[in-house]
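Quick notes on the structure that follows.
For reference, positions follow the sequence shown, starting with 1. For ligands, and for the atoms within them, numbers begin at 1 and follow the listed sequence. Worth knowing before you read on, the calculation uses all heavy atoms, side chains too, and leaves out hydrogens, waters and symmetry mates.
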Amino acid sequence: MNKEEGCTTQEVHQTESSAVAESGEVVVNKHKGFTGKIGFVLAAAGSAVGLGNLWRFPYLAAKYGGGIFLLCYIALAVTFGFSLLVLEIGIGRLTGKDVIGAFGKLNKKTKWFGFVSLVVPVLIVPYYCVIGGWVTKYLFAYLGGEGTTGAMTGDNAALYFNNFISSPWEPIVFFIIFAFLSFAVVIFGVQKGIEKIGKILMPVLAVLSVGLAIFAMCQKGALEGIKYFLVPTVKDINIAEVFLAALGQLFYSMSLAMCIMITYGSYMKKDTNIQKSARQISICDTAFAIVAGLIIIPSVFAFSSSPEDVMQNSGPTLMFVSLPNVFSQIPYANVIGALFFLLVLFAALTSAISLIEAIVAVLRENLGMKRWSACLVVFGIVLLLGIPSSLGFGVLKSLSINDMTLLDIFDYVSNSILMPIVAIGTCIIAGYFVNFRAIKDEIGIKAYSWRDKYFSVMIKIIAPVCMLLILIFNIIGL
Ligand code: PHE
């Protein structure tokens, strides 16, 4: 037995059986978990593939030396990203519980950390649904033929977007539509809702994204964009900055420190190989980010007169202003615009669903709520926090702090501050305060193997230090 650890493997298993005996809910979980490996991988990959891949990855790659960023990102994904991903899935499956139950079961003294972690999804879901609403609005706009009316051409593009987000009612309507769609899936449960939608939407997403990338790359002038994205450029690059940017993006993109992978891990079958699944999730996520870059950057280069300036924009400006402007120059603007925003909508939907499920699981397993009543409570929270965020660009603009709207504030607090803290806490708790061996056994890491040593060093030292650097970097805003 390792002295530094909170409890032994035997103790964990003892707690497990008593927990199963105490609460029928755990048993329900096991039976109503993902039916198999593919269901789990697609649902987790659906969570990982989201707005981050579409509006941040291509921009960061363009900013930080193209291929250099890509290489750095891939190297970090197979080392750091992979280790954190298997750790979270392992904690979930070992304990078979929601995030609060999981930290409590690992060691009674660390239960409080589950509550801290839960703040992350509670803060993210509302504003993620607001942005999902914007995506829905743009999908409708293209379906309605607005892409060719000139409403989104040139300077009009920014005007169109600003008019929309500052309207006192329009963003709320679309926010509610998006939130409703997400909850409509979660209410059907893990197998009939989350797993099923993953199995349908992920293949559609793959076909749509590859199709759009091929279309973009075939346009005249696109080659310059492909080179800009993929060929490493070393000039003016600060490698430490590239490293931190890649690391920050990676951990957001893989849905780490959001309670998601612990929750999904708890629904995973015992005979599914955690490491293999994590590898597949990482490959899907990275491949999708690269394909997103191959849609966006070549289109910008083919249809914009100052492509490098356009690529300085990230986030909402890139997606809702620059790209619609680019699309308005493309033949069949409405078709391409609608297909693109459909892609974004599906990507955002599967991510929102995973966040909602993480909160619903906590309510069901700790307060014994039924799925539908838990969904209702979470929907209430989402409305409560989402409506003000949605109005933060118009009616509630006065609530901005330092030019940060309510939505930016939620985003900053959850992503830049809380998520690194949760990631550091998860590593420290797993590595020093609970039975780390039991988690490693669950993941399938044999004692005394090189993998064992590597994983220990990664979780106990390297990952917390890297996350601390990100936290400092985010706070001082370099
Ligand atoms: N991985 C997601 C992305 O890239 C991040 C995320 C997941 C955000 C779930 C919200 C909800 O966008």
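- When only modelled atom types and interatomic distance are considered, Asp285 and Ser282 share no side-chain donor-acceptor pair under 3.5 Å.
- Using a 30° and 60° split on the angle between ring planes, Tyr142 and Phe341 fall in the parallel class, below 30°.
- Residues passing the side chain to side chain donor-acceptor pair (under 3.5 Å) test with Tyr127, sequence neighbours excluded: Asp411, Asn415.
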Using a 3.5 Å cut-off and no angle test, enumerate the donor-acceptor pairs between side-chain atoms of residues 173-182 and protein atoms at least two apart in sequence or in another chain.
residue, atom, partner, partner atom, Å
Ser182, OG, Phe178, O, 3.0

Are there any protein N or O atoms under 3.5 Å from the N or O atoms of ligand 1? List them with distances, or say none.
residue, atom, partner, partner atom, Å
ligand 1, 1 (N), Ser47, O, 3.3
ligand 1, 1 (N), Ala48, O, 2.8
ligand 1, 1 (N), Tyr252, O, 3.2
ligand 1, 1 (N), Ser253, O, 2.9
ligand 1, 1 (N), Ser255, OG, 3.2
ligand 1, 4 (O), Ala48, O, 3.2
ligand 1, 4 (O), Gly52, N, 3.3
ligand 1, 4 (O), Asn53, OD1, 3.0
ligand 1, 12 (O), Leu51, N, 3.0
ligand 1, 12 (O), Gly52, N, 2.8
ligand 1, 12 (O), Tyr128, OH, 3.3

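- A search for salt bridge (charged side-chain N to carboxylate O under 4.0 Å, His left out) contacts involving Lys137 returns Glu170, not counting sequence neighbours.
- With hydrogens and angles left out, the side-chain atoms of Glu195 and Thr35 include a donor and acceptor closer than 3.5 Å.
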